[in-house]
Amino acid sequence: MQTRLFETKDERELLSASAAVLQDLGFQVEESAKDVGFLRATKERSAREYGQDIGRFLTFLLSLGNVIIPVDLHQKIAATLIARPINQEATRQEVRIIFYRVVWKGSGQADRQYIPPGQQKMEMLRDPAMYQQFFAKLSKAVFLEAFTL
Amino acid sequence: MKQHAFLGLLMIFGALLMQGCAAPEPAQDLLAPTEAQMKIRSIQSRTFDVKDRQRAIRGVIAALQDLGFIIERANEPLGLVTAARFAEPNYYDVLGVTVTVRQVTEGRMIIRANAIYNNKPIEDPKVYQNFFATLERSFFVAKE
């Protein structure tokens, strides 16, 4: 969860610029509540990872055909954004965004037991590069510099 | 005579068995609050002195984010915020909370937090006290 501060009075502008940046990044804005500065956006992508497929193949070989690990198939990445003023005169706004994803796994097999597809897992995304990219784009969109806490 | 008795017994037995096939009727008081729910109603609410409702809702959202929640829904006209998080360190249990903000008088809000753990309401008052303490702190910070 990364936060940035912007020196501006215009919270609406910040919120609509955030929505535009999220759209640029491929998200679809699902829900917004401008009175509280809330945005929720999602995007669905394939979650197949090269490393997982290789791991699955190797495990299949090493276990002599008994174990097939279910791999990630599909993911939905969601972003929740809150923009709010943090001083009395509302000259400074704080934008806080959280990225997380839900992953659906495929089918597998473990020693005669079939693992059906559809297993889900959810994880928070904590890679700082994603947040830096978002705030760099937002900063450029509103022509303001983003300060860290 | 013996056959009649046997048949009669069989029919009674059959009738008793068939009772199991009847669709269960929902209890009359299905929507009524449970004992546990009524006990915790008072600890789930607290009044705060906040200038207006929007500021109160923003404070609630900030407090929830500080506690590591993901905000699912925020609705200012209704004064409603829904958030959820994993009950760490175990990633199988989900903690959900619905917070409503209502105005009692000018400058005084009632904030009510309904917290559920998996699918049962949380009954421990300390959990709610912790939440309201965090909330109070977030209002203080916003005032500066």
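Throughout, protein chains are lettered first and strands after them, A, B, ... in sequence-line order, and every chain is numbered starting at 1. Quick note: numbers below take in every heavy atom, side chains included, and nothing from hydrogens, waters or symmetry partners.
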query = What orientation do A:F134 and A:F99 show, parallel under 30°, tilted 30 to 60°, or perpendicular over 60°?
reply =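 Geometry flag for A:F99 against A:F134: perpendicular rings.
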task = Take the angle between the ring planes of B:F48 and B:F139 and call it parallel below 30°, perpendicular above 60°, tilted in between.
result = perpendicular
ask   = Does any heavy atom of chain B fall under 4.5 Å from the side chain of A:A83, the backbone, both, or neither of them?
value = backbone
message = For the residue pair B:N130 / B:T134, report whether a side-chain donor-acceptor contact shorter than 3.5 Å exists.
response =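 B:N130 and B:T134 do not have a side-chain donor-acceptor pair below 3.5 Å.
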query = Looking just at side-chain N and O atoms, do A:R101 and A:Q75 make a donor-acceptor pair shorter than 3.5 Å?
reply = yes
Counting only heavy atoms from other residues, nucleotides and ligands, does the tally under 6.0 Å from [atom1] of [X] exceed 12?
{"X": "A:F60", "atom1": "CZ", "value": "no"}
{"X": "A:F57", "atom1": "CZ", "value": "no"}
{"X": "B:R85", "atom1": "CZ", "value": "yes"}

request  = May I ask you to list the residues in residues 74-83 of chain B that approach chain A closer than 4.5 angstrom, counting heavy atoms only, ordered by number?
outcome  =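 Listed by number, the contacting residues are B:A74, B:E76, B:P77.
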inquiry  = What part of B:I61 gets within 4.5 angstrom of chain A, counting heavy atoms only: side chain, backbone, both, or neither?
reply    =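 Contact with chain A involves the side chain of B:I61 alone.
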